[in-house]
A.B. asks: 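The following block contains the structure, expressed as structure tokens.
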Amino acid sequence: MIEVINLVKKYGIFEAVKGVSFSVKKGEILGIIGENGAGKSTTLKILAGLIEPDGGEVKYFGRNFDDGMKKIIGYLPEIDALYDSMKVSEYLNLFADIYGVTVNTDRFLRRLDIPDKYISELSKGMKRKVSIARTLLHNPKVLIYDEPTGGLDPTTSLSIAELLRELAEEGKIIVFSAHNMYYVEKIADRVVVMKGGRVLYSGSLAGLIGQNTTYRVYYSINGQSGTLELSEVDELLEFVEKVKEQGGKVLEIEREVPRLENVYFNLIGRKEN
């Protein structure tokens, strides 16, 4: 389990992260979403041990973060840093040596469907897959990915999203940032919504969407038909009971579940810094 407790990060007088807290368990995927400048990348860099926070703490499996934790983390930056003059297998073998592990690079090439070409010959999507393969070489327990599908075509993005789901099912903890709400909605178990360095929501994806579900009740009382929209289950049950008490009938109940994108824009528009 990762516990992020009241993180603060300042750059001079600018406070990039302002008391951020959330948690994620083994086998879960947490998606961090927010506008540019919301503090997503800074938060991920703190989690990966690349920068120090000015306040708060990060706990991995009940322990305070230290340099030894880096061995259990696979970090993917937003921008790939690859060696174009190397073949993919050479690049992966180089990092396997750096990590001090012995691996069969063919296994990673097959799993991510990467051709063993010179990196300079690969598409942007394939290069992203190479970077992801590098993060997996030492079999980390935790994967921290900054925009893993950013700027990629839909097919490649979908294959990466499916891979992340598979890795979570294998027991890995995955924390990633994204602008594409479709992929967050597709694979995330938990969501953190950030704005201006603060957390507007932290919890389950189902909980966030459920808070914005609309129930539309079609009913008839004394021959008169009507429609009522409600947002709470308790209100729905209470209204249905009132209709019955007045001798009326509930003709139909529609449940409208919003897309994450709509919920997100409503949330950041409603809650200001």
Side-chain angles (χ1 to χ4, degrees), residues 1-4 23-32 41 43-53 57-119 122 125-150 152 156 159-178 187 189:
M1 181 177 184
I2 301 176
E3 295 174 275
V4 177
S23 64
V24 56
K25 298 177 182 178
K26 179 180 178 181
E28 286 186 334
I29 300 178
L30 182 143
I32 302 179
S41 293
T43 299
L44 293 182
K45 288 176 181 177
I46 293 173
L47 291 185
L50 298 178
I51 59 176
E52 292 283 338
E57 59 183 338
V58 178
K59 290 188 176 182
Y60 279 82
F61 307 102
R63 292 174 50 195
N64 289 328
F65 189 91
D66 56 39
D67 287 341
M69 294 295 180
K70 294 180 181 180
K71 295 179 181 178
I72 66 170
I73 296 171
Y75 174 71
L76 181 75
E78 184 175 1
I79 299 174
D80 296 313
L82 302 170
Y83 304 142
D84 284 349
S85 61
M86 293 181 125
K87 282 191 170 183
V88 176
S89 58
E90 294 172 337
Y91 176 82
L92 295 180
N93 281 321
L94 169 65
F95 275 87
D97 290 341
I98 292 172
Y99 293 147
V101 295
T102 301
V103 297
N104 178 0
T105 56
D106 288 343
R107 177 166 63 89
F108 294 95
L109 298 180
R110 288 194 302 271
R111 181 165 190 179
L112 278 79
D113 195 23
I114 305 171
D116 192 14
K117 296 181 177 180
Y118 285 101
I119 292 174
L122 299 179
M126 283 297 172
K127 287 182 178 180
R128 198 60 170 160
K129 286 186 176 183
V130 173
S131 293
I132 290 174
R134 174 187 54 75
T135 69
L136 301 175
L137 292 173
H138 55 304
N139 192 28
K141 294 180 180 180
V142 178
L143 298 172
I144 299 171
Y145 287 176
D146 198 349
E147 289 285 346
T149 62
L152 302 183
T156 304
S159 69
I160 290 174
E162 290 173 345
L163 173 66
L164 297 187
R165 190 70 260 172
E166 291 173 7
L167 292 168
E169 289 171 358
E170 293 171 9
K172 297 187 186 301
I173 295 174
I174 300 174
V175 181
F176 75 102
S177 67
I187 66 171
D189 302 298

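Numbers here simply count residues along the sequence, with the first being 1.
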A.B. asks: Let me confirm one number: the OG-CG distance from Ser131 to Leu136, rounded to the nearest 0.5 Å.
C.D. replies: 11.0 Å
A.B. asks: Under 4.5 Å between any side-chain heavy atoms of Ile160 and Tyr145, yes or no?
C.D. replies: no
A.B. asks: Distance from Glu3 atom CD to Asn64 atom CG, nearest 0.5 Å?
C.D. replies: 10.0 Å
A.B. asks: Please report the closest heavy-atom contact between Ser23 and Met1, naming both atoms and the distance.
C.D. replies: CB-CE, 3.6 Å
A.B. asks: Is there side-chain contact between Phe61 and Ile173, with heavy atoms separated by less than 4.5 Å?
C.D. replies: yes
A.B. asks: Measure across Ala168 and Ile29 and return the closest heavy-atom pair with its distance rounded to 0.1 Å.
C.D. replies: CB-CG1, 3.5 Å
A.B. asks: Do the side-chain N and O atoms of Lys172 and Asn139 include a donor-acceptor pair separated by under 3.5 angstrom?
C.D. replies: yes
A.B. asks: Ignoring hydrogens and angles, tell me if any N or O in the side chain of Ser177 forms a donor-acceptor pair with the backbone of Asp146 under 3.5 Å.
C.D. replies: no
A.B. asks: Between Leu47, Val24, Ile2, Ile174, which is the residue that forms a side chain to side chain contact (heavy atoms under 4.5 Å, CB included) with Val142?
C.D. replies: Ile2
A.B. asks: Do Leu82 and Arg134 come close enough that some side-chain heavy atom pair is under 4.5 Å?
C.D. replies: no
A.B. asks: Report the distance from atom CD1 of Ile187 to atom OG1 of Thr149, rounding to the nearest 0.5 Å.
C.D. replies: 8.0 Å
A.B. asks: Within the 4.5 Å heavy-atom criterion, are Tyr75 and Lys70 side-chain neighbours or not?
C.D. replies: no
A.B. asks: Which atoms form the tightest heavy-atom contact between Leu112 and Ala133, and what is the distance?
C.D. replies: CD2-N, 4.0 Å
A.B. asks: Looking only at heavy atoms, what is the nearest atom pair of Glu170 and Arg111, with distance?
C.D. replies: OE2-NH2, 2.7 Å
A.B. asks: If you look at every heavy atom in Pro115 and Met126, which pair is closest and at what distance?
C.D. replies: CD-SD, 3.8 Å
A.B. asks: To the nearest 0.5 angstrom, please state how far the CG atom of Leu137 sits from the OG1 atom of Thr102.
C.D. replies: 11.5 Å
A.B. asks: Going by heavy atoms in the side chains, are Leu109 and Leu92 under 4.5 Å from each other?
C.D. replies: yes
A.B. asks: CD1 of Ile114 to NZ of Lys127: how many Å apart, nearest 0.5 Å?
C.D. replies: 13.0 Å
A.B. asks: Compute both the distance and the angle, then confirm whether Lys141 meets the cation-pi test with Tyr60: under 6.0 Å from the six-membered ring centre, within 45 degrees of the axis.
C.D. replies: no
A.B. asks: Does any part of the side chain of Leu44, heavy atoms only, come nearer than 4.5 Å to the side chain of Glu78, both counted from C-beta?
C.D. replies: no
A.B. asks: Under 4.0 Å between a side-chain nitrogen and a carboxylate oxygen: does that hold for Arg110 and Asp116?
C.D. replies: no
A.B. asks: Of all heavy-atom pairs between Ala81 and Tyr91, which one has the smallest distance, and what is that distance?
C.D. replies: O-OH, 3.6 Å
A.B. asks: Could you tell me whether the side chain of Asn93 reaches within less than 4.5 Å of the side chain of Lys87, counting heavy atoms only?
C.D. replies: no
A.B. asks: Does some side-chain heavy atom of Ile132 sit less than 4.5 Å from a side-chain heavy atom of Leu76?
C.D. replies: yes
A.B. asks: How far does CD1 of Ile119 sit from CG of Asp84, to the nearest 0.5 angstrom?
C.D. replies: 6.5 Å
